[in-house]
Every structure is written in structure tokens, then in C-alpha cells.
Amino acid sequence: MTEVAVLGVGMHPFGKFEGKSVGDLCRTAVVAALADAGISWREIEAVAAASSRFSGGKGWGLNGNDVVEDMGSTGVPVYNLSAGCSAGGNALNVGYTLVASGLHDVVLVVGGEKMPKGFIQTSGVEEKTDPEFLRQRCIGVSGPAFWGMLCRRRMEDYGTSEEHLAKIAVKAHANSVHNPYARFRKPFTLEEVLKSPMVCFPLRLYEICPVSDGAAAAILCSARFARRKTSKPVWVASSTVATARFDDGVTRHLAAVSPKGRTMHSEAKIAVEKAFERAGLGPRDLNLVELQDNTVYYELAFPEEWGLCSEGEAERLVEKGETVPTGKLPINPSGGFQSFGEATTAMGVFQVAELTWQLRGEAGGRQVPHARVGLGQTIGLGGNATAVVLKS
Amino acid sequence: MSQRIPVIEGLFAERSDGPRLIGSRCTTCATPYFPKSPVCHNPGCDQSKMEDAAFGPTGVLFSFAVQNYPPPPPAKYDEPYRPYAVGMVDLPEGLRVLGRIATDDFSQLRGGLPVHLIVDRMYHDSEGNEVVTWQFRPAPVLAQADDRRMKP
Ligand SMILES: [Zn+2]
């Protein structure tokens with residue numbers, strides 16, 4: 001295996017862009033990543049792209065092909081990866097694997113999305129065999145209601161208060177003020193969050209992420225190539241993909257087997273633990289985490305489930321402000337999905353961009369001091385998850 | 001004439017001894033499935049042998065949430081929209097089932113609450129038919145009170 005570096009990253013700011021196509025967003029991100037890497041488009045040997053469900057890709061998720069045609073068709077291989085909201089992480093993993101295997105020296109990873117207005121319609125088909133369709137039609141349990149159920153149980157088990165939840169949102173927006181790519185760059189008070197409308201009790205509007213348009217790109221390359229271009233590369237210590245275990249108690253269909261242990265997203269836990277193992281690093285080595293905070297609840301559950309803190313400790317970390325960029329366990333210094341909104345398939349690449357800036361010390365007002373090791377994590381429909389560990 | 005029709009055929013039955021969820025069970029490893037599954041998905045099971053099974057009518061609420069805002073399609077509801085509770089219910093058969101929690105008093109809901117299976121109205125279709133689905137009603141005190149109120 002060859003060591004893999006992140007040579008360059010780029011993003012299109014997140015928001016709602018009526019006059020732009022997903023191709024426009026991706027082009028901006030790719031051009032920025034190429035410039036950051038100091039290379040030309042013609043040097044890209046392969047492309048791994050997240051397949052969008054909502055935009056472009058000729059309706060087939062061929063978003064990587066769109067990017068190649070747009071940038072100039074050079075005959076390179078294109079891999080389009082579909083994994084729900086985890087697709088960006090999957091694309092990153094394939095790009096990483098193409099370089100690590102020695103097959104290619106320089107690979108582009110890209111994810112972009114133009115999202116429809118309103119809450120995500122999770123099911124794309126009206127078929128009796130589609131579990132997501134059945135959940136929506138027979139019960140009417142939206143994505144936020146699903147998160148709400150998990151969150152509500154935590155409140156009973158660990159005494160999580162509405163203030164704990166709101167405080168996480170306040171932290172996210174305090175970080176976003178310093179991020180020029182974030183959609184919402186305004187600080188919120190605890191009171192403002194607690195007064196925001198209840199979407200799915202116990203979760204309020206400012207405690208779940210909206211949908212956004214956005215794109216992110218990363219240039220991965222071999223150690224040999226990286227040393228020619230920079231004296232301080234950021235390294236991919238590991239990149240993993242996982243799917244859920246059969247008996248984790250998370251009801252992804254109409255029903256699940258009652259779990260023997262704690263109910264949790266096993267796919268994310270497997271991906272993160274494998275990422276630590278392959279990197280030869282552990283929770284103690286981490287300086288920051290970019291995790292998928294579709295809801296503030298995940299900032300409490302995930303760190304515990306992955307062993308970043310002990311069981312029931314997450315609320316104490318929030319109370320003490322330990323998850324801010326200058327705390328013991330900085331979580332989502334970017335502002336997270338709460339501040340960006342989710343451009344679903346771009347998020348795995350967005351996290352790599354933020355981690356790279358952090359590890360280079362280029363994150364400005366949201367900089368985690370002395371950041372050397374960072375973890376990124378995505379989770380998506382179908383029981384998909386990815387993790388990546390970057391180190392300087 | 002308007003009728004009472006199931007939201008999707010084949011997911012539940014209203015029997016003389018009460019409603020049941022229609023699923024299956026693997027006779028090799030005893031794993032229960034809802035809805036019916038043609039094969040056993042348990043990776044630890046050596047031989048998939050499926051038989052039909054009915055689940056319910058009792059369970060215990062694991063957790064719940066309230067759908068305060070109208071859900072996006074393909075969910076359907078009658079206007080004006082009224083918030084409802086949804087929950088994860090653990091059945092003694094070893095199955096955790098999603099369903100609506102049939103109560104307007106959300107404040108009484110908590111993990112560990114006994115519930116029982118009912119079949120009740122969800123929305124009306126374009127022909128005015130009453131579309132029904134499986135739901136879980138907190139048992140037993142409130143359930144009895146609700147039953148009385150529901151009688152014509
Ligand atoms: Zn079996």
C-alpha cells in the first residue's frame with residue numbers, strides 16, 4: 001500500500017442557489033481544489049464521485065461523468081458511488097483505494113448536490129417492497145421523527161435536557177460565524193434555539209439540519225507525487241466503509257430484531273473503529289471530529305458509541321464546553337451540518353476539506369489549536385457509513 | 001359507498017381475537033420478521049426456513065417522537081393536519097416495530113410503557129374511503145377510556 005495524501009481541497013459555499021446548476025457548484029469546488037493542489041485538470045488520472053439522488057448525473061447518478069465532461073473529457077476512468085447521505089464518504093474511500101493500491105498517482109474526489117426545497121423525501125419509489133416507502137405511507141415517520149425517537153430515549157436514559165440539545169446548536173453556529181463556506185453564519189442564543197418551532201418532539205427546527213445546495217472536492221495523491229508538490233502534506237491515515245449489523249436495534253425498515261445490547265448505528269461504529277485500527281491511532285490521539293450531525297442528538301450519541309468519551313459523559317462535555325474548538329474534544333468546528341445544511345452526497349468530501357484546513361492550521365477563527373489528527377464520519381440510508389482519519 | 005381499507009394489503013389482520021401483524025419467522029434461528037420475509041437475514045443462521053407468523057397484540061414502548069409538522073410525501077394525512085406520535089415498540093416475540101402511538105396525550109408517553117396493537121384510521125383517500133393502519137395504544141387504563149369514547 002502506498003501512503004495517500006490530500007494534496008488539495010475546494011468547496012462551493014453552501015446555501016440555496018437558484019441560478020446555478022449542480023455542475024456549476026461542482027466546477028467551482030474542483031477548480032478550487034486543483035488550484036489548492038497546484039496541479040492542472042489534465043494531471044487527474046481518475047475520478048471518484050458521489051452519485052446525487054436529487055440533481056444532475058443524467059438521472060442515473062452519473063455525476064462524475066458530468067464533472068469530467070464539464071472540465072474536459074480526457075478519457076479518465078470515472079467511478080460513481082451511491083450510498084445515500086454517505087456517498088461522499090464512499091467516493092473518498094474509492095479515491096483513496098485507487099491511490100493506495102498504486103493504480104493511480106492523482107485522483108479527484110467530488111460530491112455536489114442541489115437539493116429540493118423542504119424536508120427530504122427519503123423514499124424515491126412508491127413500491128410495496130421498498131421499506132422507506134412503507135415507513136412513510138403506513139406510519140408517516142419522517143427523518144426528524146426517527147432522530148426524535150432515538151433522542152427521546154437518550155433523554156430518559158441519561159437525563160439529557162432540552163438545554164443540552166440547544167447548547168449543541170448554539171456551539172455549531174458560534175463556529176459557523178468563522179466559516180466563509182457555511183450557509184448560516186449568524187450566532188444563535190440558547191433562548192433563540194429553545195424558542196424555535198418544534199419539528200418532531202423532542203427536536204426543534206434549529207436542532208436538525210436543513211437541506212442545502214453545495215459541493216466539495218479533494219485531490220488525493222501518492223506520497224511520491226505529494227513530496228514533489230508540498231513540504232507539508234496532510235495524510236489519509238485510513239479510510240473505511242461499513243454497513244449496519246443485523247441486530248443493532250435501529251429500525252431501518254418497518255421493524256428490526258430487538259437488540260440484546262444498546263441500540264445504536266452499528267454502521268458508523270464499525271466504520272470508525274476500523275478507521276482507528278487501520279490508522280494505528282485511537283480516540284486519545286484525536287484532536288477534532290467532523291461527524292454527521294443531521295441532528296444535535298448525534299453529537300451526544302456518536303462520541304460515546306465510538307469510545308471517544310464514556311457512556312453518559314457526552315452531556316457533561318457539552319455542559320463544560322469541551323466540544324468547542326478550544327475544548328478537550330472539539331466536534332464539528334466547521335459549524336457542521338447544522339450550519340451548512342445537508343447537500344447530502346457532498347458531505348463526506350466537505351468533511352475532508354474542513355479536516356485538511358484544520359490540520360494545515362488554515363481554519364482561522366474556528367481553528368483547533370495544534371490539530372494533528374482528525375476524524376470524519378458519514379452515515380446514509382441503507383445502513384451505509386464511512387470514516388476517514390487524516391493526520392498532518 | 002365509502003369503505004374501510006388497509007393502507008397496504010397483507011401487513012396486518014383483524015382477527016376475532018384482535019389485530020395481529022402479519023410476518024414470518026425462521027424456524028432454524030427463531031428470528032421474527034415484519035413484514036414477511038422470503039428468507040432469513042440473520043448472518044448467524046445456517047439454514048433459512050421461513051414460516052408464517054402473527055405478532056401482537058402486546059408490546060412495550062421503547063421510545064417515541066411527535067410528528068409536529070406534516071410529513072413529506074409519500075406520507076398522507078387528512079386536512080387539517082393534526083400532530084401524532086410515532087414510536088418503536090418491542091414485542092415479546094423479539095421484534096421491534098415502528099408504528100403510530102394512538103394517543104393525543106403525548107405527555108404520558110415514556111419508555112417501558114405497555115401498549116397494545118390496534119387497527120385504526122390514518123387518512124381518507126380520494127374516494128372517501130377510511131384508510132387504516134396498525135397502531136399501538138397505551139394500555140390499559142387510557143385504552144379503556146378511549147374505547148368507550150370511540151363507540152357510537
Ligand atoms: Zn434463520
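Below, chains carry the letters A, B, ... as their sequence lines are ordered, and counting in each starts from 1. The figures here come from the full heavy-atom set of this structure, side chains too, leaving out hydrogens, waters and symmetry mates. Computed from a predicted structure; not experimentally measured.
Contact annotation for B/Met88: both backbone and side-chain heavy atoms come within less than 4.5 Å of a heavy atom of chain A. Contact of B/Tyr77 with chain A is not made at all, since no heavy-atom distance falls under 4.5 Å. Both the backbone and the side chain of B/Phe62 come within less than 4.5 Å of a heavy atom in chain A. Using a 4.5 Å cut-off between heavy atoms, B/Leu109 touches chain A through its backbone atoms (N, CA, C, O) alone.
Within the 4.5 Å cutoff, the side chain of A/Val257 has heavy atoms near those of the B/Thr31 side chain.
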Evaluate B/Val66 against A/Met198 for side chain to side chain contact (heavy atoms under 4.5 Å, CB included), listing each step before the verdict. CA-CA 9 Å; B/Val66 180; A/Met198 196 64 85; over 6 Å; no
Checking side chain to side chain contact (heavy atoms under 4.5 Å, CB included) for the pair B/Tyr33/A/Leu254: CA distance, chi angles, key distance, verdict? CA-CA 9 Å; B/Tyr33 293 92; A/Leu254 291 179; over 6 Å; no
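Listed by sequence position, the residues of residues 159-168 of chain A in contact with chain B number zero, using a 4.5 angstrom heavy-atom cutoff.
Counting only distance, with no hydrogens or angles, the side chain of A/Arg152 and the backbone of B/Ala65 share no donor-acceptor pair below 3.5 Å. Although no hydrogens or angles enter the test, the distance criterion places a donor-acceptor pair under 3.5 Å between the side chain of B/Arg96 and the main chain of A/Gly249. Checked by atom type and distance alone, the side chain of A/Gln136 never pairs as donor or acceptor with a backbone atom of B/Ala75 at under 3.5 Å. Using a distance-only test at 3.5 Å, with no hydrogens or angles considered, a donor-acceptor pair links the side chain of B/Arg100 to the main chain of A/Ile139. A donor-acceptor pair under 3.5 Å links the side-chain atoms of B/Tyr84 to the main chain of A/Gly140, judged by distance alone.
Note: A/Phe201 and B/Phe64 have parallel aromatic rings, judged against thresholds of 30 and 60 degrees for the angle between ring planes.
Put simply, the residue from B/Val131, B/Thr133, B/Leu98 that forms a side-chain contact (heavy atoms from CB on, under 4.5 Å) with A/Cys138 is B/Thr133.
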